[in-house]
Novice: 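My questions will all concern the structure given below.
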Amino acid sequence: MRRLRPVGGWLVVLGLLLGAVLLVGSGGTAAAQTAPGQVSGSDVSTGAQLFVQSCAACHGTQGQGTAAAPAIAGRGAADVDFVLRTGRMPLSDPRQQMVRNKPVFDDAQIRAIVAYVAGLGGGPAIPSPDVTRGDITRGRSLFIQNCAACHAATGAGDAVGGGFEAPGLSQADPLTVAEAMRVGPGAMPVFDPRLFPDQDVNDVAAYVQYLRRAPSPGGLAIADVGPVAEGFVAGIIGLGLLLLVVAWIGRPVRVQLPGRPGRRGRGDAP
């Protein structure tokens, strides 16, 4: 039997050591990875920095609120994700009303800020709506009963008084609908999970998606042009028609009196 040379033996030992190092390294990397649905410590650290830079001046360093803006500690991940993902925050002026805009932060930054603020207190987590399980017919009934008074029957939005405006839902994806129902942004009420369980949210979200792609076979729907009531538009059109009728009735009429011939022109014969 041939004996293993010393050099060959060292190579075998080095190979075994290298394999052990790679195995331990891969195990350590796998252990360090964040499980789906969780946030890492680096997310929270990055979120804290972004929060101090862009949010703390109004909401306080610990989200406790200031004279310029309310407290957000305890509002929950769903609220923060909603306002950041839809571009409603941050505001250039705290006196402005939140309206949908292009997001200021990218997805990774939003996730980091959400992780930091969620750690400041409780509040609802980010929901997981499933419109494939939603019942559009039932969602329509729930929408008419609870949403149409502010968002209009077509979801076009409308003024709700007090300087507030219920936005149109043409850009409301299922997650946006679910988050809004759970956190109640602006003048919108909170839909308590005890009264509106997740299935109700799925139904409403499914119906809103239907409204976003619903056809208008009769032409342009009046309510789809913005938060203007159909009655107001009808009143303007009716007033215009009334003015036309009054103008037609009051137009001057020339009457030819008997025995008084009309004025002759210069070229007429005597």
Novice: Taking distance alone, no hydrogens or angles, what donor-acceptor pairs closer than 3.5 Å link side-chain atoms of residues 70-81 to residues at least two apart or in another chain?
Specialist:
{"from": "Arg75", "atom 1": "NE", "to": "Asp79", "atom 2": "OD2", "distance (Å)": "2.8"}
{"from": "Arg75", "atom 1": "NH2", "to": "Asp79", "atom 2": "OD2", "distance (Å)": "3.4"}
{"from": "Arg75", "atom 1": "NH2", "to": "Val183", "atom 2": "O", "distance (Å)": "3.4"}
{"from": "Asp81", "atom 1": "OD2", "to": "Arg85", "atom 2": "NE", "distance (Å)": "3.2"}

Novice: Hey, could you give me the CG/CD distance between Leu50 and Gln109, rounded to the nearest 0.5 Å?
Specialist: 5.5 Å

Novice: Identify whether Ile126 and Met89 are in the same connected component of the hydrophobic contact network (ILVMFWY, side-chain heavy atoms under 4.5 Å).
Specialist: yes

Novice: Report the residues that fulfil side-chain hydrogen bond (donor to acceptor under 3.5 Å, both in side chains) with Gln145, sequence neighbours left out, ordered by chain and then residue number.
Specialist: Ser141

Novice: Is a side-chain donor or acceptor of Glu179 paired with a backbone partner of Pro174 at a separation under 3.5 angstrom?
Specialist: no

Novice: NE2/His151 to CG/Asp158 distance, rounded to the nearest 0.5 angstrom?
Specialist: 10.5 Å

Novice: Hey, are the side chains of Asn101 and Val99 touching, using non-hydrogen atoms and a 4.5 Å cut-off?
Specialist: yes

Novice: What distance do Arg100 atom CZ and Ser170 atom OG have between them, rounded to the nearest 0.5 Å?
Specialist: 8.0 Å

Novice: Of the options Leu142, Asn146, Val201, which is the one that meets Phe191 in a side chain to side chain contact (heavy atoms under 4.5 Å, CB included)?
Specialist: Asn146

Novice: Between Pro127 and Ala178, which heavy-atom pair has the shortest distance, and what is it?
Specialist: CG-CB, 3.7 Å

Novice: Using side-chain hydrogen bond (donor to acceptor under 3.5 Å, both in side chains) as the criterion, list what pairs up with Thr46, not counting sequence neighbours.
Specialist: none

Novice: Could you work out, with side-chain hydrogen bond (donor to acceptor under 3.5 Å, both in side chains) as the rule, every residue matching Asp106, not counting sequence neighbours?
Specialist: none

Novice: Does Gln199 reach the main-chain N or O of Arg133 with its side chain, forming a donor-acceptor pair under 3.5 Å?
Specialist: yes

Novice: Which pairs with one or both residues in residues 190-208 pass salt bridge (Lys or Arg N to Asp or Glu O under 4.0 Å), sequence neighbours excluded?
Specialist: Arg138-Asp200, Arg138-Asp203, Arg182-Asp198, Asp192-Arg194

Novice: Does atom CZ of Arg212 have more than 12 heavy-atom neighbours from other groups under 6.0 Å away?
Specialist: yes

Novice: Would you say Leu91 ends up clustered with Val114 if hydrophobic residues are merged whenever their side chains have heavy atoms under 4.5 Å apart, either directly or through other cluster members?
Specialist: yes

Novice: Search all heavy atoms of Val177 against all heavy atoms of Ala205 and return the closest pair with its distance.
Specialist: CG1-CA, 4.0 Å

Novice: Side-chain contact test, heavy atoms from C-beta onward, threshold under 4.5 Å: evaluate it for Met188 versus Met181 and give yes or no.
Specialist: yes

Novice: Can you name the residues that form a ring pair (Phe, Tyr, Trp, His ring centres under 6.0 Å) with Phe105, not counting sequence neighbours?
Specialist: none

Novice: For the atom pair CG (Leu211) and CD1 (Ile136), what is the distance rounded to the nearest 0.5 Å?
Specialist: 9.5 Å

Novice: Give a yes or no on whether Val83 and Leu120 share a hydrophobic cluster (residues Ile, Leu, Val, Met, Phe, Trp, Tyr; joining criterion: side-chain heavy atoms under 4.5 Å apart).
Specialist: yes

Novice: So how far is it from Asp135 CG to Tyr207 OH, rounded to the nearest 0.5 Å?
Specialist: 12.5 Å

Novice: How about Arg88: does its CZ atom have over 12 heavy atoms from other parts shown lying under 6.0 Å from it?
Specialist: yes

Novice: Is it true that atom CG of Asp93 has more than 12 heavy atoms of other residues, nucleotides or ligands lying nearer than 6.0 Å?
Specialist: yes

Novice: Minimum heavy-atom separation for Phe82 to Ala180, with atom names?
Specialist: CE1-CB, 3.9 Å

Novice: With hydrophobic residues grouped by side-chain heavy-atom distances under 4.5 Å, do Val131 and Val208 end up in a single group?
Specialist: no

Novice: With heavy-atom distances below 4.5 Å as the criterion, would you say the side chains of Phe143 and Leu169 are in contact?
Specialist: yes

Novice: If I compare all heavy atoms of Phe51 with all of Thr61, which pair ends up nearest, and what's the gap?
Specialist: CE2-O, 3.7 Å

Novice: Give the minimum heavy-atom separation between Tyr116 and Gly47, together with the two atoms involved.
Specialist: CB-C, 3.8 Å

Novice: Check for me, please, whether Ile113 and Val104 land in the same ILVMFWY cluster - side-chain distances under 4.5 Å, paths through other members count.
Specialist: yes

Novice: Are Pro103 and Thr86 packed together at the side-chain level, in the sense that at least one heavy-atom pair is separated by less than 4.5 angstrom?
Specialist: no

Novice: Testing the basics here: between Val44 and Ala115, what is the closest heavy-atom pair and its distance to 0.1 Å?
Specialist: CG2-CB, 4.1 Å

Novice: Can any side-chain N or O of Thr66 pair as donor or acceptor with the backbone N or O of Cys58 at less than 3.5 Å?
Specialist: yes

